[in-house]
Structure formats: structure tokens, C-alpha cells
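Below, chains carry the letters A, B, ... as their sequence lines are ordered, and counting in each starts from 1. Values below: every heavy atom of this structure, side chains too, minus hydrogens, waters and symmetry copies.
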Number of protein chains: 4
Amino acid sequence: MNKVILLGRLTRDPEMKNTTTGKAVTRFSLAVDRRFKNKDGQKEADFINIVVWGKQAEFAAQYLTKGSQISLSGRLEARSYEAQDGQRRYITEVVADEINFVSSGQKSSNAGAGFQQTSAPQSANNNNMSVMGLDEDFHLMADDDDIPF
Amino acid sequence: MNKVILLGRLTRDPEMKNTTTGKAVTRFSLAVDRRFKNKDGQKEADFINIVVWGKQAEFAAQYLTKGSQISLSGRLEARSYEAQDGQRRYITEVVADEINFVSSGQKSSNAGAGFQQTSAPQSANNNNMSVMGLDEDFHLMADDDDIPF
Amino acid sequence: MNKVILLGRLTRDPEMKNTTTGKAVTRFSLAVDRRFKNKDGQKEADFINIVVWGKQAEFAAQYLTKGSQISLSGRLEARSYEAQDGQRRYITEVVADEINFVSSGQKSSNAGAGFQQTSAPQSANNNNMSVMGLDEDFHLMADDDDIPF
Amino acid sequence: MNKVILLGRLTRDPEMKNTTTGKAVTRFSLAVDRRFKNKDGQKEADFINIVVWGKQAEFAAQYLTKGSQISLSGRLEARSYEAQDGQRRYITEVVADEINFVSSGQKSSNAGAGFQQTSAPQSANNNNMSVMGLDEDFHLMADDDDIPF
DNA sequence: TTTT
DNA sequence: TTTT
């Protein structure tokens, strides 16, 4: 069991790349407000690195922008890489497999983007709308290596 | 492990009662949108019964109203009771221990209620504000029966 | 967002059926221990109804038995049905989309069942083994109605 | 909303320290098995850094050892610190607020440790026993800074 | 109607 | 390196 559930806002526009095998990867940082203020009465946030793969990566790149408020679920992944100084560096990020749109980060409505977010939350029938269509990158399931038993 | 995480809107104003021992209990129903439309292209929702105890019950009763958008975490509880027809009836509800305010259900600002939610989500600096102060009903911890080992 | 994460034991063998459309559904009840004893010092449990669909339903029916300890994640679903007495009855159950095997409910090893659970947890390299291969019933994704935007 | 739920095993004995203000902090690394094997058919795990505060830190230090199988819930926290080379380094760890014991990492029973875990999981009446008594470090709640509204 |  |  390895589950992460977050609610927050993109700190910048997502960045999509393609792996050498042609698979899309989108990355962004999510600002997640802490429940409690710190000693100085300041509201703080945690900035969590998010990774999205495959078809969802394309949706994320297309529909999310800096300031978008989303909820997501995924799993924690720890990996290491060689830094420029030759040292091994360890980072942990969240691989999202489900992203839900909560509200736009844009003041002006995102015309043509697939969402019509209005300013009145209670009239918006697209709050909590799901941005993503799939619960993971399924075609991976085709080869045996992915069968977990 | 018994965790539930929900994001949705109150279908009506919360109702607070006091137990005979003087403890506050607040109940409401939360509409949680499904990710996928049904065969008829209709958006559906699940309506989940939420229970909140103690100090948080008071906060919930005070700050939440029909239409409030909240995220919450808690645990699933199954209980049975004797129905009017003498039969045993089984119900399962979510006992919330953490509630976060996402957006108001009110068009007009909730003056004096502790939140100043405006109608424009992107200008609201109190999105994701926490409504609740405690992570469970702690004074229960005082007596031995609550120690889990 | 609608997430449930549970860790518990099957109270009986799972029951698989097939819908009229030929889709497998497996149901069982999961006993989830409460963290705290009640006033009488008694350990209690919640008994949660679990539903599994599709390919996973078949796996669950095949590999899980009364007493199996599993962790699962899924979503809460509330539905109503007509009871025998003609009344509308409301029930909420957990639709599991990911099930992980933690330990067998059998004293004797489950020879031939795909798991070789030994009695020494620390030597068992198949603890937490995933029983299920898919994260939902994906072929649903094929038709437009399931696209959430 | 910031929730993490993990099921895994301690990779080493937990380490407890005391802050200058006299508060206990315990740290350990949790090996969380991945659901799917990698391309080479190898089972992999993520190694997640866990932090526990206050009274729970003491319990964790006392009852958990290398190999203990636990489930936990908590929140993701990202922080930065100055590395030896003067550079800012970013790390994210899980602050656990609820830990449940699933099985011991010890072959021999942990006599006197509060758990009597035997080597046969199905006979152990303390599976899923809760190690921790509190759901966070509550006395923090006493001062105003912690009130989230 | 409940598991270990 | 951070969002509202």
C-alpha cells in the first residue's frame, strides 16, 4: 500500500517531455497549504513534486496551468540520480494516477480549454471535474512483467 | 488502517445534537461527484453520511452550510440499530477527524462567520483553510480504555 | 476525490457472481480492527462490505479466503435498492480497485494457490504481494461515457 | 488535504533524538514494496523517510525494530537545509501521525515489549494492533498559533 | 450474518 | 526555484 492524496495549487505551468521511448511525462510542483500556522502566525505550504505519465501527462499539460487548484491521488516514489558534482542524490516525488480539477488559477475564464469555470462556485457544475481519464498507464499491463503475482 | 478521504459539497445544513453525556455530534450528507459519467452521459454523485464529534462538531455546525465545498478525512464506521419494524438495520458512515474548507456554498460573503469567501475562487485567500482545530476528540485519550495496546 | 484505504481480514470466503452482461463481481465483508478499545476494554472491528469488479473479481475469488489479511484501496459508493418489504433501502459499500495480500488466513500453507505463505513473516518474500493486476475495470474506458471531461 | 498511507517494513531500527526543547523525534526508513515488477522481473521497493514526533516517537522507538511490518498514515512534508557543500538541498519526508503494527520483524517473540508476536501470523491475536496512542502531538493545540482559522 |  |  502506497497512497498519497493531495489538494493544492500548481506553482507554475506544467512541463511535458517525451521519453526516448516516446512516452509523455509531465512534471509540476504543487503547493499544499499546511493546516496550522507556524509560530509566527504565518501560513505555510509544502511544495511537492508531481510526475504524471502517459495519456494523463498530456491532459495535465493541456488543461492545468500555474495556480490551478487540483486534488490528486498517487504513490510516493523514491529514486536516486547522479548529480552534476558526481554525487548520488535522492529525491522522492509523487507519481499521480488520478487528478481532479477543483478550480482554475486564471482570473479570466479559460475559454476553449475544455473547462468553463465561472466565478460562482455554487453554480459551477464542473467543479471537481476530472481532468484525467485513466487510472494509470494501462497498456503497461500488457506485458507479463507488470503482473504483480 | 481505516482511512477515507472525500472532496464534496454538503447537501444540506449540518445538524448538531448533544449526547446525553453532553458531547456534541454533527451530521450531514456529502455529495461526492463520481469521476465518470454513467451510460446516459449523466454526471452522478455518491451521497455519503458524515459524522463529526466533539469540538469539531461545533465548528462544523458553525461554519459549514448547504453547498460548502470541503475535503475531509476520517474512518469508515459500520453500526447497526433496531429499525421501527423491529428489524436490525446496518449502516455505514464516515467519522470525520479532519475537515478542510475549500469554498463556500453561499453567494453572498458569510460575514461574521469567520470566513470571508468571495464569489471569485481565485481571489479567495482562504481556500483550503482548515475549519477544524483538532485531529480527533482528544480528551478521550485520558482514560486507559483508549490506549490501543 | 473519493478514496478509501483499509487493512483487515475477510470474515468469510468471497462470493463471485456474473452480471447478465457477463461481468464478474465478487463480494466479501472485511473486518477492520478499531484502533481503540471500547469502554469495556473490548477490541472492536468494523465490518465493511467490499465489491470488486472484472478481472480483479476473479483474482479475489481465486486467491482470497476467509481470514486472509489484505490491504485495499477503492472508493465509497452509496446506492439504494428495493427491499423485500417494498421499501427503499440505502447501503454504502467500498468498490475496491487495488488489493494487496498481507497474510494468509489459513494455518496450512495454501499450496498451489499462487501464494506460498510461510509461517515466518520475516522470511516471506511475498508479504504485501499484490493480488490484483489492474487498477480498475479498464475496458470501460473504451466508450465515451467514461471520459470525465 | 495532505495524506500519505503506507504499508511496509523498517529497513533498520528507529533512531530517537530529543530536540533542544525536549521534544522526542524518531526517524526511520520504510521499505514499501512496489505493486509491479520492473522490466527485469525484479521486485522493487521505495525507501521512504519517516518522522514521528512527541509521544508517538517514544512508542515507535520502543516497539518498532528493523523488519517490523507497519501501516502508517501521515502527511508529506518538504523542507530544505544547507548541505555541507553550502548548497541548499531539498528533501521530502513523511510525518506519521498514526502507526499500526502489522507483524514483528523478529523471529523470537518480543518478550516484555508489549507485543507477543509469534511466528505464525494466523495465530497472532495482535495483528494490526495499534502501536500509537495519539493522533498527533496534541499539546501543541494549546497555543493559538495552531488554531487553523 | 462477522475476521485474527 | 514556489501557488491562492
Side-chain angles (χ1 to χ4, degrees), chain A residues 6-15 27-34 43-50 64-70 91 102-107 117 121, chain B residues 2 78-80 87-90 92 100-103 116-118 120-129, chain C residues 6-15 27-34 43-50 64-72 91 102-107 117 119 121, chain D residues 2 78-80 87-90 92 100-103 115-118 120-129:
Chain A
L6 300 173
L7 176 62
R9 290 181 184 276
L10 300 231
T11 63
R12 40 184 162 75
D13 287 348
E15 283 174 22
R27 290 170 184 277
F28 54 85
S29 159
L30 196 72
V32 180
D33 286 342
R34 294 206 178 150
K43 266 249 147 193
E44 283 181 297
D46 290 288
F47 297 93
I48 311 292
N49 290 318
I50 313 293
L64 303 181
T65 60
K66 177 176 175 172
S68 295
Q69 187 183 208
I70 61 172
I91 86 162
V102 177
S103 78
S104 162
Q106 302 299 127
K107 198 158 214 135
Q117 179 76 16
Chain B
N2 181 339
R79 58 187 185 78
S80 68
Q87 280 197 297
R88 191 128 292 267
R89 209 59 51 79
Y90 298 87
T92 109
N100 289 76
F101 194 77
V102 177
S103 79
Q116 317 88 253
Q117 178 75 18
T118 70
Q122 66 276 24
S123 73
N125 60 352
N126 51 0
N127 268 359
N128 298 359
M129 198 183 207
Chain C
L6 300 173
L7 175 61
R9 290 182 184 276
L10 299 232
T11 62
R12 41 184 162 75
D13 287 348
E15 283 175 22
R27 289 170 184 279
F28 54 86
S29 160
L30 196 72
V32 180
D33 285 343
R34 294 206 178 151
K43 266 248 146 191
E44 282 181 296
D46 290 288
F47 298 93
I48 311 292
N49 291 318
I50 312 294
L64 302 181
T65 60
K66 177 177 176 173
S68 296
Q69 188 183 208
I70 60 172
S71 69
L72 65 81
I91 86 164
V102 177
S103 78
S104 162
Q106 301 299 126
K107 198 159 214 132
Q117 178 76 16
S119 57
Chain D
N2 180 340
R79 58 187 184 76
S80 68
Q87 280 197 297
R88 191 128 292 268
R89 208 60 51 79
Y90 298 87
T92 109
N100 288 76
F101 194 77
V102 177
S103 79
F115 296 121
Q116 316 89 253
Q117 178 76 17
T118 71
Q122 66 276 23
S123 74
N125 60 354
N126 52 359
N127 268 358
N128 298 0
M129 199 184 207

Rounded to whole angstroms, how far apart are [atom1] on [X] and [atom2] on [N]?
X       : N     : atom1 : atom2 : value
C:Glu15 : E:dT2 : CD    : P     : 15 Å
C:Ile91 : E:dT1 : CD1   : P     : 16 Å
A:Ile50 : F:dT2 : CD1   : P     : 17 Å
A:Leu10 : F:dT2 : CG    : P     : 16 Å
C:Asn49 : E:dT3 : CG    : C1'   : 14 Å
B:Arg88 : E:dT1 : CZ    : P     : 7 Å
C:Arg34 : E:dT3 : CZ    : C1'   : 14 Å
A:Leu64 : F:dT3 : CG    : P     : 17 Å

Checking F:dT1, F:dT3, E:dT3 against the side chain of D:Tyr90 (C-beta onward), the nearest is F:dT1
Choosing from E:dT3, F:dT3, E:dT1, which nucleotide comes nearest the side chain of C:Ala31?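 My answer, after comparing the listed nucleotides, is E:dT3.
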Quick one: list whatever passes side-chain hydrogen bond (donor to acceptor under 3.5 Å, both in side chains) with C:Arg27, sequence neighbours left out.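 In terms of side-chain hydrogen bond (donor to acceptor under 3.5 Å, both in side chains), with neighbours along the sequence ignored, C:Arg27 is linked to C:Glu93.
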Using the test side-chain hydrogen bond (donor to acceptor under 3.5 Å, both in side chains), find all partners of C:Ser71 that sit at least two apart in sequence or belong to another chain. none
Has the side chain of C:Asp13 got a donor or acceptor atom that lies under 3.5 Å from a matching backbone atom of C:Thr65? no
Show the numbers, then the answer: is there a side-chain contact (heavy atoms from CB on, under 4.5 Å) between A:Asp33 and B:Asn100? CA-CA 10 Å; A:Asp33 286 342; B:Asn100 289 76; over 6 Å; no
